[in-house]
> 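This is the structure, below, for whatever I ask next.
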Number of protein chains: 2
Amino acid sequence: MNIYDISNKTGVSIATVSRVINGSSNVSDKTRAKVLAAIEELGYTPNVFARGLGLNTMKTIGIMCADCSDPYLARAVYYIEQELRKNSYDSLLSCTGYDHDDKEKCMTMLLSKRVDAVILVGSNYIEASEDLNKYILNAAKTVPVMFVNGELNAPNVYSTLCDDAAAIYEVTRNFIKHGKKNLVYLYNSLSYSGTRKLTGFRNALKDSGIPVQENHICLIDSHGITVQDAKEAITSLAKKGIEFDGVITSDDILAVGVLKYAKDAGISIPDDLFVAGYNNFDISECCEPELTSVDNKLESLCRHCVSTLMSVFADDKSVPKKTVFSAEIIERKTTSLTILQ
Amino acid sequence: MNIYDISNKTGVSIATVSRVINGSSNVSDKTRAKVLAAIEELGYTPNVFARGLGLNTMKTIGIMCADCSDPYLARAVYYIEQELRKNSYDSLLSCTGYDHDDKEKCMTMLLSKRVDAVILVGSNYIEASEDLNKYILNAAKTVPVMFVNGELNAPNVYSTLCDDAAAIYEVTRNFIKHGKKNLVYLYNSLSYSGTRKLTGFRNALKDSGIPVQENHICLIDSHGITVQDAKEAITSLAKKGIEFDGVITSDDILAVGVLKYAKDAGISIPDDLFVAGYNNFDISECCEPELTSVDNKLESLCRHCVSTLMSVFADDKSVPKKTVFSAEIIERKTTSLTILQ
DNA sequence: TTGTGAATTGTAAATGCTTACACCTCAGAT
DNA sequence: ATCTGAGGTGTAAGCATTTACAATTCACAA
């Protein structure tokens, strides 16, 4: 079943059939109707391969994320996929894992499938060294590369991100404003965003005239984010005799670990301890007490990323290389920040 | 950059280059090495479109799931994608939503991209009427269709699922064994699995000689699963004067709603009320008290589905049309089922 | 009637690969 | 010296589209 069958059935040439399929205007209404009827009747679908061969595009975008079982990344993938579909693009998904070589392999695979662009979801695609970014710069020579919640300044690379540092700065300032002086920052090494947020934490302390105590900054070095790891980390901190009246975390899961610790230790939240999470997902509503968190506007980020990409495809020269959104603090029961700004 | 460039560079014909690329054995070692070197040097990648045009396959599998921001489905997608990649297949993801027409459209789209198979993830692809399944049967005429956590008996359709009804049966029997007689079953209408589980609940009561009270079976009819909906549902049940000492739910999120209700109502868990969730995800560990849940072996399901698909591709005639896994009850703090079987 | 040009349609080349078939080479058997 | 066949390689025919360009039609003006 191909374009020739339609051509035979209708008596017009394949070129005209092709023109009808592609909505070209140079076809008489009569012919168009006849062809459309034949296509409908025979249930014909154009062959994407042949089409791709000529046009060198299949209207498919590669999405890379480290692990789409992570609720944050899963939501991002969801929003992006939805938005792409609206623009009649499909999504070739690649869960790369956190290993650099695997990321590179996945990129190669996506490019070999001739995707029209690549979207990198999550801050873990920001590498420390220039060298590790090479494969991304290389990809950008072929197709546009979009970062969601990440950033890279290079030709043909566009970034959409949330100012996480500013959000954590705000949270920290608010904690301090409410009398919390002994703050702990808890983050993990999976993605770069924990580090980005840390600068917000540091700056807030600095601007409040409070010295940063390095032993109050706690990095959890693990291959996944777990409640248990966070609980153990904060418990061992307490055991070392480090006192604190506020814990700010880079992820809701970590914050839940802190809540578990507090419950075991008989610490009352928010009276004796403020706790703030990040991401504002299901669990922040499920835990007890319900968790103050930060909504980092993931949906907006994703929508904006896709619409930027469409502008790039449309060859719109005024496309911003980088767009930054502001996060929003969602107060629940683990803090009492009555005069939130 | 195409196969002719490699041909020119090496002096061998494009046929030989093709043979090297495809690992054909009829090439001398010397020629192979020469071609491989040229490919490496020029950074050549075969064009998938041209290849697909000839072979009519692109080694790509379509994955349909209603909503990959749902943690359950996201995890499934993750496992499937991983497993497919191991078998050198890529994943074209389509988040279809819960609307029937949209599902059909997405299927059409996937088929038009000439995927080699379609995997339907989640029990919401089981439709009440035969008529609604037509698009699936149609797809199965072209490519194998795989159900994960769903079931359809038709040619070229393969199902992998977990015996959710049996798991809920077990949970219910255990509740009863521990003296809980007034049980409520809480489920939602999003997917068919809630209904499947309900039969397990009914059977357990029946087999225990306890009459099923229809007003103890509570269906939440909403477009998403939320803690708040569940909390309201169970609260209104209590307000109606319905007494209960155990709540069994079709999803962890719903169970958290019950926990919230109990906390507000001053009901002690598990002393006065047993609660069980389903899916055994993050939140079951995050809530307070930690939730007894059911692990429905999602990873095993997904792995099995992909390996079945590979057998189908290999034309293995002994592939089972349907495989059923057993779930496992994970006891935490919302029950005290000390003599769990 | 004939010419003009716009609208419509057809022809054929191009896209990059796989593979059936034909051909060549050369070691070893006769 | 000639034959045989296996192993290696090349030629060319698909595969299903798109599209530049050529050709045709036809309304309308001269």
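We name chains A, B, ... by the order of the sequence lines, and we start the count at 1 in each one.
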> Could you state the CG-C1' distance from B:Asp29 to D:dG7, rounded to the nearest angstrom?
12 Å

> Answer with base, sugar-phosphate or nothing: what part of the nucleic acid does B:Val27 contact at a heavy-atom distance below 4.0 Å?
sugar-phosphate

> Under 4.0 Å from OP1 or OP2 of C:dT9: is there any side-chain N or O of A:Thr31 that close?
yes

> Dump the intermediate steps for side chain to side chain donor-acceptor pair (under 3.5 Å) on A:Thr60 and A:Arg114, then the final yes or no.
CA-CA 8 Å; A:Thr60 301; A:Arg114 298 291 203 270; over 6 Å; no

> Could you give the CZ-to-P distance, from B:Phe49 to C:dA14, as a whole number of Å?
21 Å

> Using only side-chain N and O atoms of A:Ser28, determine if any of them is under 4.0 Å from OP1 or OP2 of C:dA7.
no

> Let me know the distance between CZ of B:Arg32 and C1' of D:dG8, rounded to the nearest Å.
11 Å

> Is the positively charged end of B:Lys59 above the ring of B:Tyr89, judged by distance under 6.0 angstrom from the centroid and angle within 45° of the axis?
yes

> Heavy atoms, side chains only, cut-off 4.5 Å: are B:Leu111 and B:Asn138 in contact?
no

> Answer with base, sugar-phosphate or nothing: what part of the nucleic acid does A:Val12 contact at a heavy-atom distance below 4.0 Å?
sugar-phosphate

> Between A:Ser24 and A:Asn22, does the side chain to side chain donor-acceptor pair (under 3.5 Å) criterion hold? Intermediate values first, please.
CA-CA 6 Å; A:Ser24 162; A:Asn22 294 288; over 6 Å; no

> Check whether NZ of the Lys or CZ of the Arg B:Lys103 lies under 6.0 Å from the centre of the six-membered ring of B:Tyr135 and within 45 degrees of that ring's axis.
no

> Assuming nearest nucleotide by heavy-atom distance, tell me which of B:Asn26 and B:Leu53 is located more 5' along DNA chain D.
B:Asn26

> In whole Å, I'd like the distance from the CG atom of A:Asn8 to the P atom of D:dA16.
13 Å

> Generate the contact string for nucleotides 17-26 of chain D. Rules: B means base contact, S means sugar-phosphate contact only, - means no protein heavy atom under 4.0 Å.
BBB-------

> Are there over 12 heavy-atom neighbours, none belonging to A:Asn153, within less than 6.0 Å of that residue's CG?
no

